[in-house]
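Beneath this line is the structure, given in structure tokens, with notes to follow.
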Protein chains: 2
Amino acid sequence: MSDAAQEPITLDDLRDAWHVLSAGDRSEAFALLTRGEGEELFLSLPAGDQAGLIRALPRSAQRSWLRLLAPDDAADLLQVFDPEAREALAELLDDQTRQEVRALLAYAEDDAGGLMSPRYARLRPDMTVDEGITYLRRQARERLETVYYLYVLEDAQRLVGVVSFRDLFAAQPGTLVREVMRADPVTVREDTDQEEVSRIMKEAGYLALPVVDAGGRLRGIVTVDDIVDVVEEEATEDIQKLGGMEALGAPYLQTSFRHMVGKRAGWLGALFLGELLTATAMARYEHVITEVVSLAIFVPLIVSSGGNSGSQAATLVIRAMALGELRLRDWWRVMRRELATGLALGSVLGVLGFARIVIREAVSPIYGPHHLLVAATLFVTLVGVVTFGTLAGSLLPFLLRRLRLDPASASAPFVATLVDVTGIVIYFSAATALLRGTLL
Amino acid sequence: MSDAAQEPITLDDLRDAWHVLSAGDRSEAFALLTRGEGEELFLSLPAGDQAGLIRALPRSAQRSWLRLLAPDDAADLLQVFDPEAREALAELLDDQTRQEVRALLAYAEDDAGGLMSPRYARLRPDMTVDEGITYLRRQARERLETVYYLYVLEDAQRLVGVVSFRDLFAAQPGTLVREVMRADPVTVREDTDQEEVSRIMKEAGYLALPVVDAGGRLRGIVTVDDIVDVVEEEATEDIQKLGGMEALGAPYLQTSFRHMVGKRAGWLGALFLGELLTATAMARYEHVITEVVSLAIFVPLIVSSGGNSGSQAATLVIRAMALGELRLRDWWRVMRRELATGLALGSVLGVLGFARIVIREAVSPIYGPHHLLVAATLFVTLVGVVTFGTLAGSLLPFLLRRLRLDPASASAPFVATLVDVTGIVIYFSAATALLRGTLL
């Protein structure tokens with residue numbers, strides 16, 4: 001990249017290459033943009049990347065870039081720095097913004113308070129509609145987060161109603177704001193979790209929600225564009241947990257090798273220790289394998305069938321829970337349903353397994369006269385393993401939620417590990433019962 | 001539920017129970033709400049649920065409920081009905097809306113055209129700012145989708161610029177709209193895929209994007225609240241595919257038993273047929289198992305370790321691709337990185353496996369003087385299997401994308417199946433090489 005720095009660079013080129021550049025290359029390329037292009041790029045970057053650029057700038061230049069940001073975005077950026085650097089940067093903001101940013105930094109990042117912006121449009125209930133529009137025009141000189149909703153405040157910032165831009169503009173000029181506003185609006189609290197905020201916004205169908213404190217005072221608004229990030233972030237976390245690892249919390253290419261291995265080795269090691277139980281279970285049936293070695297050849301097939309069916313069920317239930325389609329009290333409905341599904345799916349695989357042995361035996365005999373018994377063993381085992389896998393996969397997320405743990409931790413590999421041991425026990429128990437006196 | 005219908009019902013109760021009610025119960029309960037509550041509920045429902053309620057109403061009542069909806073929402077609702085019923089319902093709309101809805105219905109559901117709303121706020125370039133605000137006030141009587149951006153149109157709807165509400169309101173009264181607008185705005189085409197729209201909106205950081213046709217004429221706008229649904233929908237599809245099944249396309253409890261089994265049996269059956277190869281691979285090494293039966297007891301442990309590491313890698317890469325963090329040309333970087341990660345993770349598991357055999361042997365000897373060779377076999381196998389699993393899991397999504405297939409189809413179970421067979425081959429090859437002349 002160092003040689004490219006000599007050539008003229010366009011904004012599009014830089015955007016394109018952004019994700020593969022090192023911090024140093026980014027700063028170098030950023031410095032080559034015109035101020036206008038630079039601003040466009042800077043404002044479109046996530047807080048972590050903005051912080052990287054700010055860090056490399058001399059203090060004199062930091063001010064003008066920091067001041068481009070709305071208070072909630074500035075707070076997100078400052079969050080990236082350690083307390084000392086954060087304080088030094090906060091000093092560069094104008095007084096009002098610094099105050100707002102400090103208030104925002106006091107909230108947890110995953111709460112409504114951490115998402116909200118203090119730059120909302122406000123009216124007073126006793127204004128006329130015309131006065132309201134003039135007042136709004138004055139507020140527009142600040143950087144308002146949205147003007148789709150106007151928040152009607154009494155003394156001490158107490159929220160008494162909301163009026164949509166449309167209703168305000170469409171009303172007769174002399175009408176009072178109080179008469180066109182919707183009283184008793186849907187609100188969230190500062191400490192409402194971001195997933196809950198996202199659910200409420202979706203249910204209510206609004207583009208922004210007011211955030212109030214315990215006294216009903218308006219502290220800020222959360223807009224739907226913040227929710228896009230929340231939804232994406234939560235989905236990424238769930239997906240990574242479902243894949244059997246800790247959530248990375250950063251883009252793939254920006255995660256250091258050390259950090260990456262750490263996030264993956266923990267779960268992989270834990271799953272391995274769990275899987276050691278399969279070796280214990282197998283050892284218990286070593287005498288069966290010694291007598292009929294060819295029984296061993298179906299072990300991987302059986303454990304993976306259980307794992308796959310469990311993985312399907314767990315994934316479905318975890319996602320439905322995350323979307324609010326399933327709640328704790330639905331476990332009984334889900335269990336009945338998955339029991340039936342498991343039996344159906346197990347029968348399908350059972351028939352495939354049965355057919356495989358019968359066909360194989362016709363081509364070149366292995367089990368001789370008892371091959372139908374072996375086929376029956378496989379059928380019974382597959383029905384049992386798939387049903388167990390389906391039930392375990394669908395109920396484990398409910399159990400985790402009941403214990404106030406994250407259901408997404410019931411990842412595909414976790415369920416598979418649980419089901420593997422059981423699969424081995426079911427298989428060799430079925431074999432012992434069905435083959436006793438013939439092959440065993 | 002039929003008895004509950006006799007009692008008074010509150011909106012909150014109904015919302016709470018909604019997801020478990022049948023279509024009949026929903027209509028019955030809906031009829032008991034006041035008009036105001038009914039409207040609130042109706043407007044917050046997804047199109048499929050709205051359609052269910054509309055279907056049950058007499059034609060005379062359908063009109064007033066349909067007319068509550070903005071054109072894009074009405075189009076989504078009509079999409080649920082078959083063409084004949086759709087036509088009959090469209091007749092109930094007012095002329096302007098019907099025309100807009102018909103135009104929207106012509107677009108594919110997953111394109112920008114299928115997401116957009118035709119109700120945007122518009123200005124002309126040669127208006128003064130004051131004229132613009134008055135003009136805006138007149139438009140507010142329609143149901144505008146957003147007023148945060150105002151779209152500046154020349155003749156024949158040609159889009160020439162965008163001005164933010166803030167810039168319009170903050171400008172001097174006599175200024176021309178042309179002077180405050182941003183020329184050459186970011187746009188999308190009617191046939192731009194919704195994932196692409198979502199990516200562009202995120203990159204540009206806007207709350208709405210204009211949708212133009214080939215002639216640069218403005219056809220509608222896509223707002224960020226539509227993108228929340230897109231992001232959620234795409235994540236759900238990816239999660240279900242990662243879980244080893246077809247995407248359901250409907251909430252869990254609203255999917256019929258038949259449909260559910262169908263969506264799951266296909267992939268489960270295909271994976272089973274793939275796993276049959278493990279039986280073939282095991283059969284090839286039956287002579288090894290016959291000689292050292294206790295080698296068989298580690299087979300589930302080994303195949304699952306490969307599967308788990310593959311599942312981690314595939315999940316990470318697929319999500320990073322969906323978020324635009326990784327592109328096709330990054331495969332080489334990812335491969336080098338995952339090779340190192342795989343070797344590191346494999347060594348961790350290898351040491352655990354080695355230790356397990358050494359400790360087990362100290363407690364009660366199984367392998368006798370050659371137990372260190374068996375432990376070495378397990379170590380080598382785990383390093384090989386985990387490295388192979390990690391590489392296969394991370395590169396398969398690139399291969400699928402290269403073939404223009406959905407990378408998310410490289411699900412955890414799919415990768416596991418691929419890795420299982422290889423794991424068996426690696427294990428018995430290592431055993432044959434290391435134990436020849438001692439145990440074998």
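In what follows, every heavy atom counts, from backbone to side chain, and hydrogens, waters and symmetry copies are set aside. Labels below follow one simple rule: chain letters A, B, ... track the order of the sequence lines, proteins then strands, and each chain is numbered from 1.
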Which one, [options], leads in non-hydrogen pairs under 4.5 Å with chain B?
options	result
A:V299, A:L271, A:L253	A:L253
A:S304, A:A265, A:A320, A:A344	A:S304
A:D238, A:T255, A:T223, A:V230	A:T255
A:I239, A:I227, A:V348	A:I239
A:S164, A:A170, A:P300	A:P300
A:I424, A:V334, A:L248	A:V334

- Task: Please report the closest heavy-atom contact between B:R356 and A:A279, naming both atoms and the distance.
- Result: NH2-CB, 4.0 Å
- Residue pair B:L349 / A:L268: nearest heavy atoms and the distance that separates them: CD2-O, 3.9 Å
Tell me, out of [options], who's got the most heavy-atom pairs with chain A below 4.5 Å.
options	result
B:L276, B:L382, B:V303	B:L276
B:V386, B:D420, B:D330, B:L242	B:D330
B:E232, B:E234, B:Q254	B:E232
B:I297, B:T315, B:V317, B:V224	B:I297
B:G393, B:G243, B:G423	B:G243
B:P46, B:A322, B:A340, B:A296	B:A340

Please flag which part of [X] lies under 4.5 Å from any non-hydrogen atom of chain A: side chain, backbone, both or neither.
X	value
B:T134	neither
B:R360	neither
B:L45	neither
B:D167	neither
B:R137	both
B:A281	neither
B:M245	both

- Give, for atom OG1 of B:T278 and atom CZ of A:F298, the distance between the pair rounded to the nearest 0.5 Å. 9.0 Å
- From B:L323 atom CG to A:E233 atom CD, the distance as rounded to the nearest 0.5 Å: 10.5 Å
[X], part contacting chain B, at a heavy-atom distance under 4.5 Å:
X	value
A:L352	both
A:R258	neither
A:L277	neither

Table please: side-chain donor-acceptor pairs of residues 284-291 of chain A below 3.5 Å, with sequence neighbours left out.
from	atom 1	to	atom 2	distance (Å)
A:H287	ND1	A:R284	O	3.4
A:T290	OG1	A:E286	O	2.7

- Message: For the backbone of A:P251 and the side chain of B:E325, can you confirm whether one donor and one acceptor N or O come within less than 3.5 Å of each other?
- Response: no
Heavy-atom distance under 4.5 Å between the side chains of [X] and [Y], does that happen here?
X	Y	value
A:M201	B:V228	no
A:Q312	B:W267	yes
B:Y252	A:R337	yes
B:N308	A:F414	no

- Query: After noting the C-alpha distance and the side-chain angles of B:F272 and A:L301, does the key distance pass the side chain to side chain contact (heavy atoms under 4.5 Å, CB included) rule?
  - Reply: CA-CA 7 Å; B:F272 184 83; A:L301 178 68; 3.7 Å; yes
- For residues 264-279 of chain B, which residue pairs qualify under salt bridge (charged side-chain N to carboxylate O under 4.0 Å, His left out), counting only residues two or more places apart or in two chains? A:E338-B:R264
